[in-house]
Amino acid sequence: MSESPSAPTREDALALDAADPLAAFPDRFEPAQGVVAYLDGNSLGRPVAGTADAVARLVRQEWGTRLIRSWDEGWMTWPTEVGDLVGRAALGAAAGQTVVADSTTVLLYKVLRALVDHQVAVHPHRTEIVLDTDNFPTDRYVSEGVAAERGLTLRWIDTDPVAGVTPEQVAGAVGPRTAVVLVSHVAYRSGWVADAERITTLAHDAGALVLWDTCHSAGSVPVRADDWGWDAAVGCDYKYLNGGPGAPAHAYLAFRLHDLPTLRQPVQGWMGRRDPFLMEQGYVPAPGVRSLVSGTPPVTGMVPVRLGVEMLEAAGIEAVRAKSLRLTDLALAVVDAWPAALGVQVASPREHARRGGHLTLRHPRFREVTARLWQRGVIPDFRSPDGLRLGPAPLSTRFVELWDGLAAVREELEREG
Ligand SMILES: *Cc1c(COP(=O)(O)O)cnc(C)c1O
């Protein structure tokens, strides 16, 4: 089969690595024995080197020796301390608006419930949650649960799975009945970057609040939650923030929504109470964003989150985004040069402004191809029905690694099916 002359060569990829201002970062991760190309940083980021030692230090010193005294010696404030770090490095959020707690799913539930209950309390006719059909399953299922619990209606935006939610679609869906709009900043499948500023403004003009899901944007694309007038956001810390499997998630709540008597998250545990150790009768929310906390903070799980987010801060999100676009540019150039007979389609936006950190390719045989790739240490992921996702995390991925991974994808497709 003939190649288009513009197909990037392996030497081109090596040249991109040589010119990469972030070239030192891949060596700052735990080595991944037997891995040829890790292309799934958007699903589970790699551990930063030193993570194992930091966890061991927590176990041996803080937990093992200081024991319960460690709560007073620091642990108690970690949810807001690590939250502020995530806010600063990944969300464009001034200190005091972000916490780290729970799983993404649980935080989504808590924040969505708090926002809709507030809206309904203030405007009883606002009984709709607007969301899109291609949002991540947990976002859709949590919304269904909240709607059933509170007698609300879901208003669905039908999204193009190759693109994502547009401001025009949001403008057409919001109105005097809208309580909350729930959108992923970067779509988990296509990688579409929603126009977060315009969508927020449009929703606000209609009197709605917006909850942003930052799972695929935090640590990958710049987020300016404060500048864009965001109300609230919830996202994962184990994807581009390298916080480790099941790491506690982050939630952002804008200052203007703090301490409102009508805005209460539903899981009223003792750790989100004002002065929890007074053990008093009756729940009174802690001031500020701390009220989003429910129970004892997941301290062990926050150790890797700290290291991951500190690394992001050292690199800077703008440099990360610039490399991310160079990585996906390379991948698109490679795939575009594949013979049409191979039958691979790109199911992600091409324009930089709308393209997130990952790409989805489509082919009917990708399920079995992914299984074979995993066996040879090339690790993208498969998303039903026929999508191969490539999430080259800029801090841990070399251009040549991406090139080698794509060469393996092509090789597996060219084998007899
Ligand atoms: C990964 C992801 C989740 C995961 O939620 P968990 O509670 O951590 O399992 C939720 N929403 C989106 C958009 C995601 O990409």
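As the structure lists them, so they are numbered: ligands from 1, and atoms in each ligand from 1.
- The ring pair (Phe, Tyr, Trp, His ring centres under 6.0 Å) test with W212 is passed by exactly one of Y252, W228, W230: W230.
- Residues lining ligand 1 at a heavy-atom distance below 4.0 Å are given as S103, T104, T105, F136, T138, D139, S184, D213, C215, H216, C236, Y238, K239, ordered by chain and residue number.
- Look at R57 and E62 and you find no salt bridge, because none of the NZ, NE, NH1 or NH2 atoms lies under 4.0 Å from a carboxylate O.
- Under 3.5 Å, the side chains of T98 and H250 contain no donor-acceptor pair of N or O atoms.
- Outside the 6.0 Å centre-distance limit, the rings of H216 and H185 are not counted as a close aromatic pair.
- Counting only heavy atoms from C-beta outward, the side chains of Q265 and Y109 never approach each other to under 4.5 Å.
- From R140, atom CZ reaches atom CG of L154 across 11.5 Å, with rounding to the nearest 0.5 Å.
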